[in-house]
Amino acid sequence: MLDPFDRRISYLRVSVTDRCDLRCVYCMAEDMTFLPKKDLLTLEELDRLCGAFIDLGVDKIRLTGGEPLVRKGVLQLFQNLGGRIGPREQGGGLKELTVTTNGTQLPKMADDLYRAGVRRINVSLDTLDPTLFANVTRWGKLDQTLDGVFAAKAAGLAVKINAVALKGVNEHEYDRMIAWCGEHGFDLTLIETMPLGDISGDRTDQYLPLSEVRRRIAQRWTLLPSSHVTGGPARYETVQETGRRIGFITPMTHNFCESCNRVRLTCTGTLYMCLGQEDAADLRAPLRDPSVDDAGLRDAILSAIARKPKGHDFVIGRAQRPSVGRHMSVTGG
Ligand code: SAM
Ligand code: SF4
């Protein structure tokens with residue numbers, strides 16, 4: 001599946017719900033309005049759509065949200081998609097099934113995720129300070145997320161910690177997080193805040209360029225070049241002292257679009273060909289149209305991919321408005 005710029009589209013991110021049990025300050029307003037449940041695709045519909053993408057050449061699927069693990073019955077979707085991991089000739093096609101989660105549900109779900117075929121997960125954790133964690137997530141408790149992280153490790157899942165770089169909030173903590181990740185065998189990825197969705201506040205205050213963060217980290221740690229690629233947007237280096245990788249996702253300071261291999265599907269069946277653009281394709285209509293068969297569904301996907309734009313044009317702080325109206329929790333991080 002090639003887009004107009006000859007990029008091979010092999011990676012699908014699926015937001016299985018826009019709901020969440022936390023309210024991270026950079027992601028959501030505290031009084032978020034969620035989509036009416038009737039607008040959501042059923043898990044069977046999501047499964048069929050993902051299957052069509054796999055048939056078209058997608059070999060990596062990440063389930064995200066919102067908080068993917070709070071969607072009722074989501075394990076069945078993991079199990080069905082996990083069944084497609086393996087060689088294409090044998091009905092497989094997927095190389096990897098993974099998930100981005102805030103970790104709260106992992107104590108009860110980590111083993112099942114492993115059994116379903118998940119091998120790597122991303123857990124969002126912006127700080128190791130309990131008070132700061134409560135402030136950033138508004139409703140979260142650090143211990144609950146840490147229990148989730150260690151349940152994942154115990155289940156055999158490789159854990160990558162994702163932290164959003166927040167100016168004046170967690171910027172003094174990266175050394176501690178690098179050391180902690182090293183101690184427990186986790187990779188770490190730092191993410192720049194992106195202007196997605198209204199969060200009832202000014203994002204100019206939160207924005208911290210990772211070029212600056214990296215410069216400070218490099219004063220304390222030895223960063224070695226790494227050729228590690230995950231198919232995602234992070235650029236990796238190895239921290240010599242810990243032997244673990246550190247990744248930087250810099251949508252604001254570095255244009256990462258030229259190698260983009262991703263598209264994003266929302267829980268209502270809308271396909272966004274770019275995280276940072278408004279253009280989207282409605283796949284729910286063909287999915288629910290009894291006259292459209294699997295081949296017709298694949299055609300609808302292909303004509304959406306043919307509209308994938310060259311890149312995004314985020315601007316932080318422009319008139320205090322988000323440059324893209326929808327939240328990360330809708331499009332899927
Ligand atoms: N609830 C799950 C979690 O927190 O990992 C999955 C969804 S969350 C939207 C996915 C990722 O997006 C998280 O790592 C989160 O920190 C990040 N994120 C949310 N809003 C963001 C924003 N405005 N800019 C940059 N990253 C953001
Ligand atoms: Fe929920 Fe994840 Fe957004 Fe935090 S970042 S509010 S955990 S969806």
Side-chain angles (χ1 to χ4, degrees), residues 13-32 34-35 62-71 74 98-106 109 120-127 133-142 144-145 148-149 152 159-167 169-170 177 187-210 213 232-234 247-253 256 262 264-267 272 275-276 312 314-317 321-333:
R13 295 196 182 197
V14 187
S15 175
V16 298
T17 174
D18 63 327
R19 286 163 201 260
C20 187
D21 52 343
L22 303 183
R23 290 288 182 280
C24 301
V25 289
Y26 50 79
C27 180
M28 294 188 185
E30 187 155 22
D31 58 347
M32 274 289 280
F34 294 107
L35 295 162
R62 175 178 299 281
L63 301 189
T64 177
E67 175 44 44
L69 302 184
V70 300
R71 173 130 190 207
V74 75
T98 177
V99 56
T100 300
T101 170
N102 63 28
T104 60
Q105 310 304 306
L106 285 173
M109 294 179 77
R120 294 195 305 143
I121 61 166
N122 290 357
V123 183
S124 300
L125 174 65
D126 300 321
T127 165
F133 185 88
N135 291 343
V136 170
T137 60
R138 291 201 187 95
W139 297 357
K141 290 197 181 66
L142 178 64
Q144 199 182 349
T145 292
V149 168
V159 175
K160 183 161 74 67
I161 301 294
N162 278 353
V164 175
L166 298 163
K167 188 170 167 186
V169 179
N170 63 1
M177 292 184 80
D187 289 342
L188 173 66
T189 297
L190 297 175
I191 309 172
E192 276 175 356
T193 47
M194 289 172 260
L196 300 175
D198 189 7
I199 50 163
S200 62
D202 181 2
R203 288 178 199 270
T204 333
D205 295 346
Q206 299 177 346
Y207 176 61
L208 175 62
L210 284 188
V213 172
F248 298 91
I249 302 189
T250 55
M252 308 300 297
T253 51
F256 64 173
R262 299 170 288 285
R264 293 172 158 86
L265 181 67
T266 73
C267 53
Y272 285 99
L275 178 64
H312 66 234
F314 289 137
V315 181
I316 281 269
R321 274 201 335 273
S323 62
V324 167
R326 58 187 193 277
H327 291 86
M328 189 76 141
S329 52
V330 173
T331 329

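Numbering starts at 1 and runs along the sequence shown. In each ligand, atom 1 is the first atom listed, and ligand 1 is the first ligand listed. These numbers come from the heavy atoms of this one structure, side chains and all, not from hydrogens, waters or symmetry mates.
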Checklist entry - N/O to N/O below 3.5 Å, does that happen between Thr101 and ligand 1? => result yes
Checklist entry - Measuring from the heavy atoms of Glu192, does anything fall under 4.0 Å of ligand 1? => result yes
Checklist entry - Per the side chain to side chain contact (heavy atoms under 4.5 Å, CB included) rule, which among Val164, Leu208, Thr250, Ile249 passes with Glu192? => result Thr250
Item to check | Numbered atoms of ligand 2 (with element) below 4.0 Å of Cys24, judged on heavy atoms | outcome: 4 (Fe), 5 (S), 6 (S), 7 (S)
Next on the checklist: Could you check whether any side-chain N or O of Thr145 sits under 3.5 Å from a backbone N or O of Asn102, counting only pairs where one atom can act as donor and the other as acceptor?
Outcome noted: yes
Checklist entry - Mind checking whether Gly66 has a heavy atom under 4.0 Å from ligand 2? => result yes
Checklist entry - In terms of atom number and element, which parts of ligand 1 are under 4.0 angstrom from non-hydrogen atoms of Thr193? => result 24 (N), 25 (C)
Item to check | Per-atom contacts of ligand 1 with Val164, taking only distances under 4.0 Å to non-hydrogen atoms | outcome: 16 (O), 26 (N)
Item to check | For Ser124, atoms of ligand 1 separated by under 4.0 Å from a heavy atom | outcome: 3 (C), 4 (O), 5 (O), 13 (C), 14 (O)
Item to check | Sidechain-backbone polar pair: Thr127 side chain, Asn170 backbone, donor-acceptor under 3.5 Å | outcome: no
Item to check | Side chain, backbone, both or neither: Cys20 near ligand 2, heavy atoms under 4.0 Å | outcome: side chain
Checklist entry - Can Val149 and Leu106 be said to form a side chain to side chain contact (heavy atoms under 4.5 Å, CB included), step by step? => result CA-CA 7 Å; Val149 168; Leu106 285 173; 5.7 Å; no
Checklist entry - Arg138 side chain to Arg23 main-chain N or O, any donor-acceptor pair under 3.5 Å? => result yes
Checklist entry - Short list, please: which atoms of ligand 1 are under 4.0 Å from a heavy atom of Asn102? => result 2 (C), 3 (C), 5 (O)
Checklist outcome for this item: So the atoms of ligand 1 within less than 4.0 Å of a heavy atom of Cys27 turn out to be 19 (C), 20 (N)
Checklist entry - Can you find a non-hydrogen atom of Gly66 under 4.0 Å from ligand 1? => result yes
Checklist entry - Just going by heavy-atom distances, which of Cys20, Ala163, Gly65 is nearest to atom 8 (S) of ligand 1? => result Gly65
Item to check | Any Gln105 side-chain heavy atom under 4.5 Å of Asp21 side chain | outcome: yes
Checklist entry - For Phe133 and Gln144, what are the C-alpha separation, side-chain angles and deciding distance, and is it a side chain to side chain contact (heavy atoms under 4.5 Å, CB included)? => result CA-CA 11 Å; Phe133 185 88; Gln144 199 182 349; over 6 Å; no
Item to check | Polar atom proximity, Asp126 to ligand 1 (N or O, under 3.5 Å) | outcome: no
Checklist entry - Got an N/O contact under 3.5 Å between Thr64 and ligand 1? => result no
Next on the checklist: Would you say that Thr137 contacts Cys24 through its side chain, given a criterion of any heavy-atom pair below 4.5 Å between the two side chains?
Outcome noted: yes
Checklist entry - Do Glu67 and Thr17 have side-chain atoms, one donor and one acceptor, less than 3.5 Å apart? => result no
